[in-house]
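Note that these values count all heavy atoms, side chains included, but never hydrogens, waters or copies made by symmetry.
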Amino acid sequence: NVDSYIFVTSLETPVIILVNRAFCDTFDGDCAGRNANLYFDLDGAVRRQAALSDDGKADYPEVWCARSGQWLAVSSEEITWVDGSRVRLVNCYDITAKKQFADTLEEKIEERTRELHLMTTEAETARRHAEEDASAKARLLANMSHETRIPVNSNNDMTNNSNTAHTEEPPDDVRNK
C-alpha cells in the first residue's frame with residue numbers, strides 16, 4: 001500500500017504537470033497532461049480545504065477515488081515552480097483503512113448503546129417489580145400480624161386468667177371437702 005500520491009497541477013486548470021511514481025503505478029501509468037478531476041474531485045477538495053483552513057481546523061478534506069477504490073485525505077498548497085510560475089502541489093494520503101475502522105467503531109458504539117439501553121430498561125423493570133413485591137409483602141405481614149395478634153392476645157388473656165386462678169388458694173369450701 002502507498003502512503004501518498006503527489007502531483008502538481010497548474011493553478012488555472014487542474015491539468016497534471018508532474019506525478020510521483022506511486023500515482024503512476026496506481027493510475028494508468030503516465031498521467032501528465034490529464035485532468036486531475038478524472039481521478040477524484042480535486043476542485044471540490046481544494047475548496048473544502050480552504051473552508052477548513054478558514055475555520056482553523058487542521059483536517060484535510062476526504063474524497064473518494066473511484067479509480068483506485070480509496071478514500072484520500074487531500075492537502076494542497078500553491079508553490080513556485082522551477083520556471084517561476086505558480087502551481088498547485090497536491091498530496092493525497094490513503095485513509096481507506098482509517099475510514100473503515102471509524103465506520104466499524106461507530107457501528108459497535110451504536111450496537112453497544114442499544115444493548116445498554118435495553119439492559120437499563122430491564123433493570124428498571126426488575127427494580128419496579130422488586131419494589132412492588134416488597135410492598136405486597138409488607139402489606140401481607142401487616143395484615144397477618146393484625147390477624148394473629150387478636151387471637152394470640154385472647155389466648156394469652158385466657159392463659160393468664162387460668163394461671164392466676166390456679167396459683168390462688170382454693171376457696172374454703174373446696175379445701176374443706
Side-chain angles (χ1 to χ4, degrees), residues 1-83 85-141:
N1 220 349
V2 177
D3 288 334
S4 64
Y5 307 116
I6 302 170
F7 60 97
V8 178
T9 67
S10 70
L11 287 181
E12 295 79 32
T13 63
V15 173
I16 297 173
I17 299 170
L18 180 73
V19 297
N20 71 341
R21 176 174 291 292
F23 196 98
C24 287
D25 290 346
T26 303
F27 305 105
D28 306 335
D30 186 16
C31 305
R34 295 190 182 167
N35 188 323
N37 287 314
L38 292 173
Y39 303 99
F40 60 88
D41 182 14
L42 175 63
D43 295 333
V46 170
R47 283 191 304 276
R48 286 193 301 277
Q49 181 182 3
L52 290 172
S53 297
D54 291 344
D55 291 344
K57 296 181 180 178
D59 292 338
Y60 297 111
E62 299 171 352
V63 295
W64 172 251
C65 180
R67 280 205 166 174
S68 67
Q70 297 171 316
W71 279 99
L72 303 173
V74 179
S75 69
S76 70
E77 63 179 293
E78 293 181 18
I79 62 169
T80 303
W81 193 239
V82 290
D83 64 1
S85 64
R86 299 291 291 165
V87 295
R88 181 174 316 281
L89 174 65
V90 181
N91 194 350
C92 304
Y93 298 94
D94 180 5
I95 58 167
T96 306
K98 176 184 165 188
K99 295 245 334 148
Q100 289 170 343
F101 176 76
D103 291 345
T104 302
L105 185 61
E106 186 65 32
E107 289 170 7
K108 286 181 181 180
I109 289 170
E110 288 173 4
E111 178 183 342
R112 186 65 179 141
T113 300
R114 283 190 302 273
E115 289 173 3
L116 288 172
H117 180 69
L118 180 62
M119 289 170 44
T120 301
T121 302
E122 290 173 352
E124 180 63 29
T125 301
R127 183 191 60 78
R128 204 170 34 253
H129 286 280
E131 287 174 352
E132 291 169 2
D133 290 348
S135 177
K137 179 181 175 182
R139 285 192 307 274
L140 175 68
L141 290 175

Spatial distance of atom [atom1] ([X]) from atom [atom2] ([Y]) [nearest 0.5 Å]:
{"X": "Glu122", "Y": "His117", "atom1": "CD", "atom2": "NE2", "result": "10.5 Å"}
{"X": "Ile6", "Y": "Arg21", "atom1": "CD1", "atom2": "CZ", "result": "13.5 Å"}
{"X": "Leu140", "Y": "Asp133", "atom1": "CG", "atom2": "CG", "result": "12.0 Å"}

In chain order, what residues pass the salt bridge (charged side-chain N to carboxylate O under 4.0 Å, His left out) check against [X], with sequence neighbours excluded?
{"X": "Glu115", "result": "Arg112"}
{"X": "Arg139", "result": "none"}
{"X": "Arg128", "result": "Glu124"}

For the residue pair [X] and [Y], what are the closest heavy atoms and their distance?
{"X": "Val74", "Y": "Cys92", "value": "CG2-SG, 4.1 Å"}
{"X": "Trp81", "Y": "Ile17", "value": "CZ2-CG2, 4.3 Å"}
{"X": "Ser76", "Y": "Val90", "value": "CB-CG2, 4.0 Å"}
{"X": "Thr9", "Y": "Pro14", "value": "CG2-O, 3.8 Å"}

Distance-only check: which donor-acceptor pairs under 3.5 Å involve side-chain atoms of residues 95-103, not counting sequence neighbours?
residue	atom	partner	partner atom	Å
Thr96	OG1	Trp71	N	2.8
Thr96	OG1	Asp94	OD1	2.7
Lys99	NZ	Glu62	OE1	3.1

Checking the side chain of Thr120 only, and the main-chain atoms of Leu116 only, is there a donor and an acceptor separated by less than 3.5 Å?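 Present.
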Contacts of Ser75 that satisfy side chain to side chain donor-acceptor pair (under 3.5 Å) - sequence neighbours left out: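 With neighbours one apart ignored, the set is empty.
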Thr80: partners by side chain to side chain donor-acceptor pair (under 3.5 Å), with sequence neighbours left out: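 Thr80 satisfies side chain to side chain donor-acceptor pair (under 3.5 Å) with Arg86 only.
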How far apart are the C-alpha atoms of Phe7 and Cys31, what are their side-chain angles, what is the distance that settles it, and do they pass the side chain to side chain contact (heavy atoms under 4.5 Å, CB included) test? CA-CA 9 Å; Phe7 60 97; Cys31 305; over 6 Å; no
Please assess Glu131 against Arg127 for the test side chain to side chain contact (heavy atoms under 4.5 Å, CB included), listing each intermediate value before the final yes or no. CA-CA 6 Å; Glu131 287 174 352; Arg127 183 191 60 78; 2.5 Å; yes
